[in-house]
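Have a look at the structure below, then the notes.
As a basis for the values below, the full set of heavy atoms in this structure was taken, side chains included, without hydrogen atoms, waters or symmetry mates.
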Amino acid sequence: MKTLQYIHRNLSIDSVISRKSIFLIGPRLTGKSTYIREQISTEFALEWNLLKGKLLYAVNTNPGLLIEEVEARDLHDCAIFIDEIQKCPFLLDDIHYLIEEKHIRFLLTGSSLYKLRKGGVNLLGGRASIRYFFPLNYSEVSSLEGRNAPDLSRIFQTGLLPALYLSEDFEEDVSSYIQTYLTEEVAAEGVVRNLGVFTRFLQTASLVSGQILNYQNVANDTFMPPQTVKNWFQILYDTLLGFEVPAFTRTSKRKAFTRSKFYLFDVGVMRFLRNVAVPSENSTDFGDFFEQYIAIELRTWIEYNSRQSTLSYWRSVNGLEVDFLIDEKLAIEVKSATNITSKHMKGLKALAEEHLFSKYVIVCREERPRKVDGIYILPWQYFLNELWTKGI
């Protein structure tokens, strides 16, 4: 892939790295290393990139190399940057020692939590924060496009990984990306022996993205045991290829579903895995893609701006549903319609009877914001701009 223009990201971690160590975890091609090079003001006394084969070999043959180099440079009370830490999770023991004895702060990037958890992230306890890094969001793309609203069709076609969003040959680049991801990430985890079968599972996962997750149904479709399917979904979570939206169950007037929904991390990758064309505006798929795009924006906003908040959904056993809830502050229904009527408000009105939420919103494709029966009807561009500039 060619060198691309830099897109300013709106995650800020400078104030954190000035005080303590950070794990910055995000899928491949989200731009973690570029972000650190372009936006982090901290000066690093030492930088290691474990994607470099020579360094990786040296560390594997001499596990004490990090401490030896710190001692040789007489480093203390400084910051060190290690890229792709999941390549050598055993380094976490020495990192723990250097944090304690040398008061060194570490910025550690990676694309998978599985090996880090296995290798001892918990060993660092409260000595390191975990931050997540995601594909481009509405605010970042708007800045790239000269503050114009992003084009939905383009987002549905390419997704929002920077290199794929700006790609001149998306189909080839996304195919390469998925194969590389499977080869370098999933195979490296050591928990999937048959990548061909896992690829089929990933395609099935793309089809259930946005739905209430039923492991048995996915197991039936993939001819795999339910426990294996459950483990493979955990791989998607650990490699940040997918995320869960749990069910909100604290309603008293209507019994709620309890199972979580599953979402893939990027709509462009999802479309490619589904092997479908960009959906037309009048198709059912368009509404599905639209909802998933909003889900990804909400998840990203929470991680970057309100990390104590919880994203959930509500569905009653008799079929009433609200797509997304943020804590007990905001209830959001997503509709791709260009004209919102009373039929689109049923779920929100039912939930409003519980008197649990502060604000009720329909995110849609109408042109102007309005309010009807206590429900805010907001164009998606207006909603996302308000979210990223003012919060909830």
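We find that Glu38 and Arg9 are not joined by a salt bridge, their nearest charged nitrogen and carboxylate oxygen being 4.0 Å or further apart.
Taking the ring axis of Phe289 as reference, the NZ or CZ atom of Arg271 does not stay both within 45° of it and closer than 6.0 Å to the ring centre. Cation-pi geometry between Arg315 and Phe257 is met: under 6.0 angstrom from the ring centre, within 45 degrees of the axis. Annotation: cation-pi pair Lys329/Phe357 absent, no NZ/CZ under 6.0 Å from the ring centroid and within 45° of its normal.
Using a 4.5 Å heavy-atom threshold, the side chains of Lys102 and Leu75 count as separate. Contact annotation: the side chain of Cys88 approaches that of Asn60 to within less than 4.5 Å [non-hydrogen atoms, C-beta and beyond]. You'll find the side chain of Leu320 reaches within 4.5 Å of the side chain of Trp314, heavy atoms only. Taking 4.5 Å as the limit, every side-chain heavy atom of Asp238 sits out of range of all side-chain heavy atoms of Leu236. Looking at Lys349 and Tyr360, their side chains never come closer than 4.5 Å, going by heavy atoms from C-beta outward. The shortest distance between side-chain heavy atoms of Val208 and Gln211 falls below 4.5 Å. For the pair Val361 and Glu333, the minimum side-chain heavy-atom distance is 4.5 Å or more. No side-chain heavy atom of Trp48 sits less than 4.5 Å from a side-chain heavy atom of Asp83.
Sorted by first then second residue, the salt bridge (Lys or Arg N to Asp or Glu O under 4.0 Å) pairs that include residues 246-264, not counting sequence neighbours, are Arg250-Glu328, Arg254-Glu353, Lys261-Glu291, Lys261-Glu321. Residues in residues 70-79 take part in these side-chain hydrogen bond (donor to acceptor under 3.5 Å, both in side chains) pairs, two or more places apart or across chains: Glu69-Arg73.
Shown here is Asn275, whose CG atom has no more than 12 heavy atoms of other residues, nucleotides or ligands within 6.0 Å. Atom CZ of Phe286 sits in a crowded spot, with more than 12 heavy atoms from other residues, nucleotides or ligands closer than 6.0 Å. The neighbour count for Asn282 CG, taken as heavy atoms of other residues, nucleotides or ligands under 6.0 Å away, does not exceed 12.
Ring orientation note: the planes of Tyr237 and Phe262 are tilted relative to one another, at an angle of 30° to 60°. Taking the six-membered ring where the residue is Trp, Tyr304 and Phe134 present parallel rings, their angle staying beneath 30° rather than reaching 60°.
Not one N or O on the side chain of Ser209 forms a donor-acceptor pair closer than 3.5 Å with the backbone of Ala205. In this structure a side-chain-to-backbone donor-acceptor pair under 3.5 Å is missing from Tyr177 to Glu172. Side chain of Glu140 to backbone of Asn137: a donor-acceptor contact under 3.5 angstrom is found. Here the side chain of Arg19 pairs a donor or acceptor atom with the backbone of Ser15 at under 3.5 angstrom. Distance alone, capped at 3.5 Å, places no donor-acceptor pair between the Ser283 side chain and the Pro279 backbone.
The hydrophobic clustering, which links ILVMFWY residues whose side-chain heavy atoms are closer than 4.5 Å, places Val269 and Leu207 apart. Side-chain heavy atoms closer than 4.5 Å link hydrophobic residues (I, L, V, M, F, W, Y) into clusters, and following such links, possibly through other members, connects Leu213 to Leu311.
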ask   = Can Arg299 and Glu303 be said to form a salt bridge (Lys or Arg N to Asp or Glu O under 4.0 Å), step by step?
value = CA-CA 6 Å; Arg299 179 223 196 181; Glu303 174 58 31; over 6 Å; no
request  = Determine, stepwise, if the pair Thr338 / Glu366 fulfils side-chain hydrogen bond (donor to acceptor under 3.5 Å, both in side chains).
outcome  = CA-CA 5 Å; Thr338 56; Glu366 287 200 8; over 6 Å; no
ask   = Under the ring-ring contact (aromatic ring centres under 6.0 Å, His included) criterion, do Phe290 and Tyr293 qualify, and how do the steps go?
value = CA-CA 5 Å; Phe290 185 58; Tyr293 167 57; 7.2 Å; no
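Here the closest non-hydrogen pair linking Thr34 and Tyr6 is CG2-CD1, 3.4 Å. For the pair Ile22 and Arg131, the tightest heavy-atom approach, listed with the atom from each and the gap, is CG2-CG, 4.2 Å. Residue Leu164 comes nearest to Thr158 through the heavy atom pair O-CB, 3.6 Å, listed as atom of the first residue, atom of the second, then distance. Here the shortest heavy-atom pairing between Asp94 and Gly64 reads OD2-CA, 4.0 Å.
For Phe324 and Tyr313, the ring centers are positioned 6.0 Å apart or more. Aromatic rings of Phe201 and Trp232 (six-membered ring for Trp) have centroids within the 6.0 Å cut-off, being under it. Ring to ring, Phe233 and Tyr215 are close: their centroids are under 6.0 angstrom apart.
Between the side chains of Ser309 and Asp327, at least one donor N or O sits under 3.5 Å from an acceptor N or O. Judged by distance alone, the side chains of Asn62 and Glu68 do bring a donor and an acceptor atom under 3.5 Å apart. Remark: the Asn231 side chain and the Gln227 side chain contain an N/O donor-acceptor pair separated by less than 3.5 Å.
Interatomic distance, OG of Ser33 versus CD of Glu84, reported as 6.5 Å (0.5 Å rounding).
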